[in-house]
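Labels below follow one simple rule: chain letters A, B, ... track the order of the sequence lines, proteins then strands, and each chain is numbered from 1.
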Amino acid sequence: MIKLKQLFAGGLVLTFMSSVAQAEYGLNLPLGVTETSKQVYDLHMLILWICVVIGVIVFGAMIYSMIYHRKSRGAVASQFHESMAAEIIWTVIPFVILIVMAVPATKVLVEMHDTSEADMKIKVTGYQWKWRYEYIGEGVDFFSTLDAASNEARKLGSDIDPSTVENYLLNVDNPLVIPAGKKVGFLLTASDVIHSWWVPDFGWKKDAIPGFVNEAWVKVDEPGVYRGQCAELCGRDHGFMPIVVEVKSQADYETWLAEQKTGAAVAQVEVIKELDSAELNSKGKDIYNANCVACHQQNGQGVPGVFPAITGSTIATGDINQHIDMIMNGKAGTAMAAFKEQLNDVELAAVVTYQRNSLGNNVGDVVQPTAIAALR
Amino acid sequence: MATVTDLHDDHHDHGPAKGLMRWVTTTNHKDIGTLYLIFALVMFMVGGAMAMVIRLELFQPGLQFVDPGFFNQMTTVHALVMIFGGVMPAFVGLANWMLPIMIGGPDMALPRMNNWSFWILPFAFAMLLGTFFMDGGAPAGGWTLYPPLVLQGGDGFSFMIFAIHMMGISSVMGAINVIVTILNMRAPGMTLMKMPLFVWTWFITAYLLIAVMPVLAGAVTMLLTDRFYDTTFFSAAGGGDPVLFQHIFWFFGHPEVYILILPAFGVISAIIPTFARKPLFGYSSMVYATSSIAFLSFIVWAHHMFTVGLPLQAELFFMYATMLIAVPTGVKVFNWISTMWKGSLTFETPMLFAIGFVIMFTIGGFSGLMLAIAPADFQYHDTYFVVAHFHYVLVTGAVYSIMASVYYWIPKWTGNMYSEKMGQWHFWLSTISVNILFFPQHFLGLAGMPRRIPDYSVQFAEFNMWSSIGGFAFGLSQVFFCYIVYKTIKGGEKATDQVWEGAEGLEWTLSSPPPYHSFSKAPEIK
Amino acid sequence: MSSENAYFVPHDAKWPIIGSIGLMLFFGGFAAQLNNMPSSSIVMTIGFLVLVYMMFGWFGEVINESESGSYKSNEDASFRVGMIWFIFSEVMFFAAFFGALYYIRTFSVPWIGGIGAGSVTNEYLWSSFEAMWPTNGPDNIGGDYQKMGPWGLPAINTLILLTSGVTVTWAHWGLIANKRKQLIFGLALTVILGFIFVALQALEYSHGYNDLNLTMASGVYGSTFYMLTGFHGFHVTVGAIMLAVMLVRSMKGHFTPENHFAFEATAWYWHFVDVVWLGLFVFVYWL
Ligand code: HEA
Ligand code: HEA
Ligand code: CUA
Ligand SMILES: [Cu+2]
């Protein structure tokens, strides 16, 4: 009977293993694309194999004894219960093994901590639930959010098959772009709660902590697109704030950077225009759906106790200046972030107008981008 | 220190009181032990049901069943319920039942307080679970309660904090009782170095509990004032630091995980010798190893925080200290194997679970050691690799040891033998399914799946499906376990006093079930 | 094997379940109160009263048992060991707050101020902030405030507590030597000193809130100051009440030179509170 069960168990494990072996995706840590990630990989393999070897010895001894020292085979128990020599051996040998592991680990760790002499620096700020990238000294500054296709598909009951979405949950609207072959320094922080910036191919993750700046660095030699995710629980949509890094050759990077700078200038110009209420409302809807639904929900009903409803809210239907202030400056100590940095004047005007005239509200007033600009 | 029971006229000649009030007002260590064990089993089911929700949502990519906010509530409360409601009370229940008997004492040293320790728990968990019905739902910031996220919770937040306070009060009182009992209630001749290892490991566990539960209380109190009284312990704007919470939490949290495993070591050290029919190898080195683990557990906490941006020296220190724990833990594993070596082994259900424990706990220990390597942890941290690690040490470690103890002692407790055949089935079903459940999570983590997410990119789909299937199977196996326990309580073949051929210790000198007051006179210890 | 040696195992304890209910009502009411839920303060008050009732009942039962001679050396030893470990748990509770103070003063504030590992933090987020102690942080949380100096009330309070430690020991000597007058007088002095301490502490708080604009919301300085001294003050209050009970029991003649565990436990507790204060005086007020 027991034999049979073991056979059964063994068979199951085997089928499992073989299906795993056929699958083409990763079983192991990715080797990565930086010097650091390769060192980390080597370290990982070293410890893994040491553990496997110890495991084989330890479990081997155990299984041997389970087979040969079983009562049904007539084994008679001997009564020894102490051996100083054995105790010393199996205290000292593991200790030595640990030192063997600690030496390379220390070396890698020291190198990873060396953030000096970066060629350029990017400040990364985590928001609920997006990333903001500021290129220090370049004037380039943008937000990076889950792409629209994934965002649509990931809704509860969307009925969209995720496998039809390219890079489901691992794609963003504006990827971070960095040059190949340069040591890029990261300055990581957060505006609301703790997030963690992680691209597995770079070999590390680092927490983004509100009020503090952590440093890290990366040097990628191969151009390419590398994907990762926020790795610290940061609330409802923690699973939906991916990271995409495009590594471009120096020349391509410079072209991109120049485009960004002119793009920002264009957006500035747009502000001057006056918009009518329909335009504001329709634009506002998009902004709302992209930035606010996560908390205030699709129909503005909110989540009782944590996120207030917009529908019928005293602020969204009351004094417009208070309403604008809430959205521009947020409310300290709550999840309501200051959106003045995330949205431009047009977008802010639109979303305010939208909230006042949709989602079950019907105040009737509009706010123009110029009015927002005046409040900055 | 003569300790003889049952002659004092205040409690003369009585068995248990009758009816429901027996259980509410009891001061008897066996009754209270039973209460604890039943409570733990119920909580295990509650926490397990939440785990099933988690595994159901993760069965496929895409969101099918629950809102992401609710998913986070499931993760958070699953962990709190399993740890504080499942494993800890189960071990306290075992302590209550077995410690007084094992040391030949009449009862726990502070019987009334013992009752209180237990009866706080149902109220505490009623409060915790009640948060599901409040505005904003249950806490959803993870069981680690990191600010500022946890401060964003709804009305449930303050109830959770006070529920944790109540659990803390209960644990500290329970732990004091254990220590006092061990120090003060031993039968004549029961010297410290003659105590069964289960007593020893509980002694050290109780010490850890008293040392760290109040620290958790302090930490959550600061959360409470940060949210409601405008203090700024965890906010840089006022000069505080969110990471400060993590230091305090893990100063509690790391010893806590040894609180969850040391009693398991004790149980295993009782079961393996019984079924090897051979004395435990290296008794005194076991005691020293346990003490070393307890000592080291206080100086390794920041290994949960390698990615928060600690200074290099701190990271090195915590890495080395953490790695060192492998040495005393290894000593324990080697001693168990040496105990089996040249024994005369049989494989009844308790032994199966004990062997399962040794193998799978060691696997979990190995992944723990990998996590301890700071630069590698930069990759592993907050991925399913960590989830796999701690479920190996918690489920196939702590929970397996609890199941082993139930099979080992239930004939003693009830006087009835459980069905060996069903026990064997339970073991194999559990062991196969639990590995399908948690082993693929190593791969998921390495391949880059973060933990605490309700939805994932499609490359992780296959392993998640395996894991969920394993999870459902494991869950059903535990329903079967409940059935086995129920059957055994109801009846079955009568157990002998000795129960197991190779068993040694005072508990086996009593009848099965033991009399309401264990030792009518202090046993003699040779 | 005589009945004198039987360990006392009380039966049918009803107080624990009452205590559990009281605890839940109190904590639940408190939690509800923080969320401004209706009638929560009533629930909280009821919970508190239930807890008080429980304590009177429970301790009363224990006192009766003690007076009727149910406790022998063995039970006494259990109580002693239990009390020591309880005090240890209290030590660890305070350790959490002292640890927080230490971390804030040696790490977080300097880091925000740009010292050591914090240079980038300061440069990019808080460039106008300079590390110092005390501080209410870079955002000047709670507005300008003044520090609570050590050499006024706190120094007096230190003297008061130290003296009370002496008087309680003196009372203990009296008890051991069976000098009832010394016992009662010493104890009464201790109780009075204890309550004076609490009153002065309340005075100090009102000074802080009204004159110095030093509140719990004054950044980390206010937070640590009120949290540490507040929990200490709470413990002093509890200790003083315990001493008062001991005083009443002494006057009733409950204690004998051989058998007075409750008195000793209270005295230990009082010394613990005393030692914590010394830590506070040095690390919160002085340095
Ligand atoms: C019962 C509970 C338990 C136990 C016993 C352990 C045991 C260990 N744990 Fe684990 N751990 C947890 C529960 C537990 N852990 C939990 C719950 C978390 C996650 C918390 C959260 O974030 O939610 C966690 C997380 C965790 C982390 C943080 C991971 C991260 O978040 O990035 C780390 C890092 O160092 C770690 C390390 C270890 C180590 C080194 C051990 C060691 O004690 C293991 C020692 C054992 C062995 C090594 C095997 C036997 C030894 C031999 C056979 C000897 C020879 C071996 C060698 C020389 C290699 N654990
Ligand atoms: C002792 C502690 C303990 C125990 C026993 C378990 C048991 C289980 N755990 Fe859990 N777990 C934790 C402690 C524990 N866990 C902790 C600390 C975390 C981290 C939380 C955090 O990130 O904050 C965690 C997180 C965690 C996650 C990660 C969630 C995430 O990151 O989002 C997952 C996912 O698979 C999981 C699964 C399981 C499963 C399937 C079981 C199973 O073993 C449960 C089996 C038991 C049953 C199923 C009950 C019996 C059956 C029924 C009640 C009937 C219903 C059954 C069916 C319908 C089949 N756990
Ligand atoms: Cu941001 Cu998780
Ligand atoms: Cu740990």
Angle class for the B/Phe298/B/Phe251 ring planes (parallel below 30°, perpendicular above 60°, tilted otherwise)?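 If you compare the ring of B/Phe298 with that of B/Phe251, the planes turn out tilted.
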Among [options], which residue has the highest count of heavy-atom pairs closer than 4.5 Å to chain B?
options                               : value
C/Ala32, C/Gly113, C/Ser89, C/Ala117  : C/Ser89
C/Ala131, C/Ser218, C/Ser20, C/Gly137 : C/Ser20
C/Leu23, C/Ile21, C/Ile84, C/Thr135   : C/Leu23
C/Ala77, C/Ala96, C/Pro138, C/Ala100  : C/Pro138
C/Ser78, C/Ala95, C/Gly99, C/Ala217   : C/Ser78

May I ask you to check whether C/Tyr226 and B/Tyr229 place their ring centres under 6.0 Å from each other?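 Here the rings of C/Tyr226 and B/Tyr229 have centres that are no less than 6.0 Å from each other.
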Between B/Phe39 and B/Tyr36, does the ring centroid distance fall short of 6.0 Å?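 No.
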Answer with side chain, backbone, both or neither: which region of [X] has an atom nearer than 4.5 Å to a non-hydrogen atom of chain C?
X        : answer
B/Ile120 : both
B/Leu209 : neither
B/Leu244 : both
B/Ile169 : side chain
B/Met160 : neither
B/Val172 : side chain
B/Thr221 : both
B/Phe233 : both

Can you list the steps and then say if B/Met21 with C/Ile17 is a side-chain contact (heavy atoms from CB on, under 4.5 Å)? CA-CA 10 Å; B/Met21 284 317 275; C/Ile17 188 72; 5.6 Å; no
Any donor and acceptor pair, going by atom type alone, linking the side chain of [X] with main-chain N or O of [Y] inside 3.5 Å?
X        : Y        : value
C/Tyr145 : C/Tyr209 : no
C/Glu75  : C/Phe8   : yes
B/Arg227 : B/Leu151 : yes
B/Thr26  : B/Trp23  : no
C/Asn210 : C/Ser206 : yes
C/Tyr221 : B/Gly239 : no

Which bit of [X] comes within less than 4.5 Å of chain B, counting heavy atoms only: side chain, backbone, both or neither?
X       : answer
C/Phe30 : both
C/Trp15 : neither
C/Leu34 : both

Any side-chain donor-acceptor pair under 3.5 Å between C/Ser108 and B/Asp241?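 Judged by distance alone, the side chains do not pair up.
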Report, as yes or no, whether the 6.0 Å neighbourhood of atom [atom1] on [X] holds more than 12 heavy atoms from other residues, nucleotides or ligands.
X        : atom1 : answer
C/Phe94  : CZ    : yes
C/Phe261 : CZ    : yes
C/Glu67  : CD    : yes

Residues of residues 37-57 of chain C near chain B, each having a heavy atom less than 4.5 Å away: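 Hits under 4.5 Å: C/Met37, C/Met54.
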